[in-house]
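Reminder, nothing fancy here: chain letters follow the sequence lines and each chain counts from 1. Everything quoted here is computed from the prediction, not taken from an experiment.
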Amino acid sequence: MAITVRIPSALRSLTGGADEVAAEGATIGALIDHVDASHPGLKDRLCDDKGVRRHVNIYANEEDIRFLDGLETSVADGDVIEIVPAIAGGSGGA
Amino acid sequence: MLVVGAGGLGSPAALTLARSGVGRITLLDDDAVDETNLHRQILFDDDDVGLPKVERGAARLRAEGAEVEARSGRLLPGTALDHVADHDLVVEGADNFATKFLAVDACLRAGIPLVQAGVVRWTGWAFATVPGGGACLRCVFEDIPRDRVETCAGAGVIGAAVGVLGALEAALAIRLLLGDATAAGELWSFDGLAGSLRARPVRPRAGCLGCAGATHDLAPERYAPPADGAGRAELE
């Protein structure tokens, strides 16, 4: 069993349109590296040299990893990882 | 109540709130109705094209029984506190990060609850901030993105998706008006393609500038768009 990573629509151009990808790794950081190996560019969209980009939220089993161990947060088979980026569109006004 | 932006989010939010019995609404926008708005901005019809959104939107909301002030303008650092003043609640549906962070900073300073949302293509989020009542938007997204982020200009936004998020903003607003403090501090995310709508509790973040009051000065440079346009990232 692998770990499920849910991909937001803004990043699906990097996953061939897939809204979920399966990945492996012992930590969130390793998981991102694993996904980036098969979907190049994803890590750069999620992380900078300081860690997770500040407008990106990553949840491990519904818990914000900022309140866990960040990129060092442990994950295991069956876990679900969700990426929620800031988006600002939708108005066309103001 | 103040509705910032009579667009894709503000339209369904304001219409739902007016029909729900919210008696007094201030509608703030400086734009005119464009033909390309009509698929998602349900306050307007073909006959409104070219006319000020606040005037046409106010007329529509008055027809629903609300007392409406049509206020032509934008939420800017120099005007934000005046705009939010004397309102019980602010519903924000602007299309750029600068306005979203300015709105939360102004409402935190003024002590006014705020409901916000953002949508691109089929995906969006909604969040309510109650000053002094837990996490704020800056606890979630921290600041205007100033690094590389995909621009979705041209990708479009789905009218049904902004409809969902605008209605969700109205639902959060109604809960707050009814005194339900649990409506605040939950990050709602919607994915119209994956068929998911989730709410996750957000904890106050240590070091949050908004919660610490460090953004109360509404310093204009804090809301200036980045030179490379990244702050308008992931727009419709």
Shortest non-hydrogen contact from [X] toward [Y]:
X        : Y       : result
B/Gly124 : A/Ile87 : CA-CD1, 3.6 Å
B/Arg205 : A/Phe67 : CA-CZ, 4.2 Å
B/Ser189 : A/Glu82 : OG-OE2, 4.5 Å

*Counting only heavy atoms closer than 4.5 Å, note whether B/Leu187 contacts chain A via side chain, backbone, both or neither.*
side chain
_Part of B/Arg198 lying under 4.5 Å from any heavy atom of chain A_ = side chain
*Between chain A and each of B/Thr36, B/Asp143, B/Leu165, count heavy-atom pairs under 4.5 Å; write down the option with the most.*
B/Asp143
Close side-chain approach of [X] to [Y], heavy-atom, < 4.5 Å:
X        : Y        : value
A/Arg12  : B/Leu193 : yes
A/Arg66  : B/Glu142 : yes
A/Arg54  : B/Phe141 : no
B/Val140 : A/Asn57  : yes
A/Asp64  : B/Arg203 : no

_Donor-acceptor contact present, side-chain B/Trp125 to main-chain A/Val84, <3.5 Å_ = no
*asked:* Quick check on A/Glu63 against chain B: is it the side chain, the backbone, both or neither that has a heavy atom closer than 4.5 Å?
replied: side chain
_Does atom CD (A/Glu20) have a neighbourhood of more than 12 heavy atoms from anything else shown, all under 6.0 Å?_
yes
